[in-house]
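Here's the structure, in structure tokens; my notes come after.
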Amino acid sequence: MKNMKKLLCVALGAALSVSLLASCSGGSSSTPAPETTTPAETTPAETTPAETGAADLSSALIEDGKLIMSTNAQFPPYELVADGEGFNGTGFEGIDIEIAYALAEKLGLELVIDDMEFDSALLAVQNNAADMMLAGLSYSTDRDEVMDFSDSYATGVQVVIVKEGSDVTMDNLGDYMIGTQRGTTGYIYASDTPENGGYGEDHVIAYDNGATAVQELINDTIDAVIIDQAPAEEYVAANADAGLTILPGAWVEEQYCLTVDDGNTVLLDALNTALNELIDDGTVQAIIDKYITAK
């Protein structure tokens, strides 16, 4: 099967997205285990609200004065549970965590982080349990029907992890069993019918998080894992004795965005204004460079 080259974006995607560099820093000694955490609350430092964010946001927020973010903190280096206090006492760290914190500061709000399964994080925004979601989230037309996406803040690349010496290639991937994280675009694309560029549901298994999918690859339950490049490199490095490798080339390229509930234009406009200010002044790129460095 031909290598998929889907490029997804929203308004200003190409102009405003910040390209992610190829490799990640860090990595633990083993595949991270799923953890259950309680929402973390932080008090932002004094800040000047973004121009359009200075307007009263109380009607657009679940709780006045707070910006509640849903996420799935099993996706390094974008979001992960910290060993200690985490970034500014949030209990979490990662690219999305720091961007969310900076957005909250811009808007003069207190950031509250709620960690849950990826599917649940998507539903939290739709069910008025979270104001926004950041979780290495990429734009898709299906999601756009029930949620509103921000401008892009980064370009993500999905890759394929296999075992060293495997016969799996980009061209024959559909002949093997593939693991993905449930609810991700990797799962959506891969499980689609061959007529639509996918491999069919019979060839794809969805797991609650990327760490579990990688562990099942190590256990020989599946033959490959489709996941974003940055966490893929983290997982390969964290399991050096398992003989994992990443196939050459990109499986999919797409734009990372945050999302709010469908129709919440007041909050979306304020977040977009703050986000673009953070892009323009170099804050977003500095955060990305902190976690992802050039080879």
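One-based numbering along the sequence shown. For the numbers below, each heavy atom of this structure counts, side chains included, while hydrogens, waters and symmetry mates do not.
Shortest non-hydrogen contact noted between Gly86 and Ala82 is CA-CB, 3.4 Å. Annotation for Met177 and Asp202: closest pair SD-O, 3.4 Å, computed over non-hydrogen atoms. Residues Val159 and Ala232 come closest through the heavy atom pair CG2-CB, 3.6 Å. Closest of all the heavy-atom pairs between Met170 and Pro248 is CE-O, 3.7 Å. Considering every non-hydrogen atom in both Leu111 and Ala100, the closest pair reads CD2-C, 4.0 Å. When all heavy atoms of Leu173 and Ala224 are compared, the pair lying nearest together is CD1-CB, 3.8 Å.
You'll find the side chain of Ile222 reaches within 4.5 Å of the side chain of Ile205, heavy atoms only. Using a 4.5 Å heavy-atom threshold, the side chains of Ile161 and Ile227 count as touching. Side-chain contact check for Ile178 versus Asp223: every heavy-atom pair is 4.5 Å or farther apart. A heavy-atom distance below 4.5 Å is not found between the side chains of Gln126 and Asp262. For the pair Ile226 and Val204, the minimum side-chain heavy-atom distance is 4.5 Å or more. Under the 4.5 Å side-chain criterion, counting only non-hydrogen atoms from C-beta, Thr90 is in contact with Ile97. Inter-residue side-chain proximity for Phe118 and Met133 is flagged as met; some heavy-atom pair is nearer than 4.5 Å. Looking only at side-chain heavy atoms (C-beta outward), Val260 and Phe149 stay at 4.5 Å or farther from each other.
Contacts classified as salt bridge (charged side-chain N to carboxylate O under 4.0 Å, His left out) and involving residues 172-187 (residues at least two apart or in different chains) are given here: Arg182-Asp208. Screening residues 152-167 for salt bridge (charged side-chain N to carboxylate O under 4.0 Å, His left out) gives Lys163-Asp220 as the qualifying pairs, with residues at least two apart or on separate chains.
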Could you check Leu67 against Met132 for side-chain contact (heavy atoms from CB on, under 4.5 Å), going step by step and ending with a plain yes or no? CA-CA 8 Å; Leu67 183 62; Met132 66 177 186; 3.5 Å; yes

Evaluate Val162 against Leu247 for side-chain contact (heavy atoms from CB on, under 4.5 Å), listing each step before the verdict. CA-CA 7 Å; Val162 298; Leu247 292 179; 3.8 Å; yes

Apply the test side-chain contact (heavy atoms from CB on, under 4.5 Å) to residues Leu109 and Lys66: give CA-CA distance (whole Å), side-chain angles for both, the deciding distance (0.1 Å), then the verdict. CA-CA 5 Å; Leu109 299 172; Lys66 294 184 178 182; over 6 Å; no

Audit row: Tyr176, Tyr199, side-chain contact (heavy atoms from CB on, under 4.5 Å) steps and yes/no: CA-CA 9 Å; Tyr176 294 88; Tyr199 310 116; over 6 Å; no

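Partners of Ala60 according to the side chain to side chain contact (heavy atoms under 4.5 Å, CB included) rule, which considers only residues two or more places apart in sequence or in another chain, are Asn264, Val266, Leu267. Scored by the side chain to side chain donor-acceptor pair (under 3.5 Å) test, Asn272 finds no partners at all (sequence neighbours excluded). Evaluation of the side chain to side chain donor-acceptor pair (under 3.5 Å) rule for Thr283 yields Asp281 as partners, not counting sequence neighbours. Under the rule for a side chain to side chain donor-acceptor pair (under 3.5 Å), Asp64 has no partner lying at least two apart in sequence or in another chain. By the side chain to side chain contact (heavy atoms under 4.5 Å, CB included) test, Ala213 is found to be paired with Tyr207, Val225, residues two or more places apart in sequence or in another chain being considered. Residues satisfying the salt bridge (Lys or Arg N to Asp or Glu O under 4.0 Å) test with Glu93, not counting sequence neighbours, are none. Partners of Ser59 by side chain to side chain contact (heavy atoms under 4.5 Å, CB included), not counting sequence neighbours: none found. Partners of Ile62 according to the side chain to side chain contact (heavy atoms under 4.5 Å, CB included) rule, which considers only residues two or more places apart in sequence or in another chain, are Ile68, Asn128, Asp131. With sequence neighbours left out, Tyr187 forms a ring-ring contact (aromatic ring centres under 6.0 Å, His included) with no residue at all. Contacts of Glu85 classified as salt bridge (Lys or Arg N to Asp or Glu O under 4.0 Å), with partners at least two apart in sequence or in another chain: none.
Hydrophobic clustering (ILVMFWY, side-chain heavy atoms < 4.5 Å, transitive): Met116 and Leu80 are in distinct clusters. A single hydrophobic cluster is not seen to contain both Leu123 and Val146; linkage of ILVMFWY side chains at heavy-atom distances under 4.5 Å, directly or through other members, places them apart.
In the model, Ser58 has a side-chain atom that pairs as donor or acceptor with a side-chain atom of Asp56 under 3.5 Å. Side chains of Ser138 and Thr185: a donor-acceptor N/O pair is present below 3.5 angstrom, by distance only. Under 3.5 Å, the side chains of Glu254 and Gln158 contain a donor-acceptor pair of N or O atoms.
In this structure, CD in Gln74 is found 10.0 Å from CD in Glu79, a value given to the nearest 0.5 Å. Rounding to the nearest 0.5 Å places OH of Tyr139 at 3.5 Å from CG of Asp144. With rounding to the nearest 0.5 Å, the separation of CG in Asp96 from OH in Tyr291 is 10.0 Å. Going from atom CG of Leu137 over to atom CG of Asn72 covers 11.0 Å, rounded to the nearest 0.5 Å. With rounding to the nearest 0.5 Å, the separation of OG1 in Thr71 from CG in Leu134 is 7.0 Å. In this structure, the separation between CG on Leu278 and CD on Glu98 is 12.0 Å, given to the nearest 0.5 Å.
Within a 6.0 Å radius of CG in Asn127, other residues, nucleotides and ligands contribute more than 12 heavy atoms. Heavy-atom contacts from other residues, nucleotides or ligands closer than 6.0 Å to CG of Asn219 number more than 12.
Looking only at distances, a side-chain donor or acceptor of Asp148 sits under 3.5 Å from a matching main-chain atom of Gly263. Not one N or O on the side chain of Ser191 forms a donor-acceptor pair closer than 3.5 Å with the backbone of Glu201. For the pair Asn239 (side chain) and Tyr235 (backbone), a donor-acceptor distance under 3.5 Å is present. At distances below 3.5 Å, not a single donor-acceptor pair connects side-chain atoms of Asn276 with backbone N or O atoms of Thr273. Without hydrogens or angle criteria, Ser150 side chain to Thr259 main chain gives no donor-acceptor distance under 3.5 Å.
The aromatic rings of Phe87 and Tyr101 sit perpendicular, their planes meeting at an angle over 60°, well past the 30° parallel limit.
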